[in-house]
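Data block below; observations after.
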Amino acid sequence: MERHNILLIFLINIFINLMLLNYSIASVSGDCENCHVLFPGVPKEDLPYTLCIVCHSNSNAETIKILGNSKVPIVNNTVKPDYPLAGGNFYYVTKKYGDRKGHNVDGIALTDSKFMNTPPGYKRGYDPSIVGYNNKNTLKCSGSNGCHGNRNIEDPFRAILGTHHAPDKPLDGTTTAKSYRYLKNTDKVNGVIGFEDEEWNKNCTSKKHNEYAVSIDILCASCHGSFHLKDTDSKKSPWFRHPTGILLPDHGEYVNYNPENPPLLERPNLRIYNTDAPVGRTNPVQISSDEVKLGEDVVLCLSCHVAHSSPYDSILRWDYDAIFTGEEGKGGCLICHTEK
């Protein structure tokens, strides 16, 4: 079955490239058939959502591919990716690697053997969608059981229909197309905002990278709301899990955030951004910055996790089992907890 899927994706990719030599998959003009050639005769609004998986998959290790005149981010490689993009790669959550490595999206991975179809920590009151998450159905890329598109719409393809052809500036969250990576949430809740690196962080540096806003935590809470609650019964701390949505402290061990890259002499009160432990911005940004402002920038879900899948348990950015206290400059948790 796995070999059949690899061959199918390989053949489909060749077919798409031949058909799209003179077109851009992200074009805001032109006929939809320029991209949706795999399903001739099917009404545009009824195309299967697996089209999303086909376009954003690759049978080789490249994580950015060219379709026509467009660069397309790859989030699902059937072989080990050369450099996973910002959201990670679903390659690691396939049957070979295990459920704890990522989100079990339908069409890519099998249903999670522990949580089945229910997102861990799901709390209906934190889900702003009208439909809510339906645990009788599988996790999808988009729709009410997904992350992208309008979560008020149950069907995953209709939830994101037309987005690639719609105006996408300014990135203010008012529409799906104008939301960061098409993470809209719902009609009545503005989408995620931020700054989108044109290479999806493939060649990221401290100065060139995605910029995240605190609104991305709101989206995560739609499915994992209980993870955002304070554990008021704890005797030692108000938090049972690592806090999110809080300011990176401007005192104590946190003043040495990213100790491997100390601040420049001319900017003694600023720390250097580390893409292995990104922070969120409280104010909208139009360009990426290498500055981390203590007491102003925010600890996010994405400070520790990636969105899709990673080589590490709990979709962490780094191998938690390889991090030991007392080892300065070893990355991971020690990027922030510098005195541990």
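What you are looking at is a predicted structure, and each value in this text was computed from that prediction instead of being measured.
A salt bridge is defined here as a Lys NZ or Arg NE, NH1 or NH2 lying under 4.0 Å from an Asp or Glu carboxylate O, and Asp197 with Lys202 fails to meet this definition. Salt-bridge formation is detected for the pair Asp313/Lys101: a Lys NZ or Arg NE/NH1/NH2 atom is positioned less than 4.0 Å from an Asp or Glu carboxylate oxygen. Salt bridge status for Arg317 with Asp276: absent, with no side-chain N to carboxylate O gap under 4.0 Å. Salt bridge annotation for Asp290-Lys208: absent, with no cationic side-chain nitrogen under 4.0 angstrom from a carboxylate oxygen.
Between Tyr92 and Tyr97, the ring planes lie perpendicular to each other; the angle is over 60°, past the 30° to 60° tilted range.
In this structure, a donor-acceptor pair under 3.5 Å is present between the side chains of Lys140 and Thr138. In this structure, a donor-acceptor pair under 3.5 Å is absent between the side chains of Glu62 and Asn58. With 3.5 Å as the limit, one finds no donor-acceptor pair spanning the side chains of Asn150 and Thr186.
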- Task: Report the C-alpha separation of His337 and Tyr254 in whole Å, then their side-chain angles, then the decisive distance to 0.1 Å, and conclude whether the ring-ring contact (aromatic ring centres under 6.0 Å, His included) test is met.
- Result: CA-CA 6 Å; His337 299 280; Tyr254 309 100; 5.6 Å; yes
- Item | Intermediate values then yes/no, ring-ring contact (aromatic ring centres under 6.0 Å, His included), Tyr273 and His209 | CA-CA 10 Å; Tyr273 191 101; His209 51 78; 3.8 Å; yes
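Here the shortest heavy-atom pairing between Asn104 and Ala109 reads CA-CB, 4.0 Å.
When the shell of 6.0 Å around OH of Tyr320 is examined, it contains 12 or fewer heavy atoms from other residues, nucleotides or ligands.
Aromatic ring centres of Phe90 and His308: separated by under 6.0 Å.
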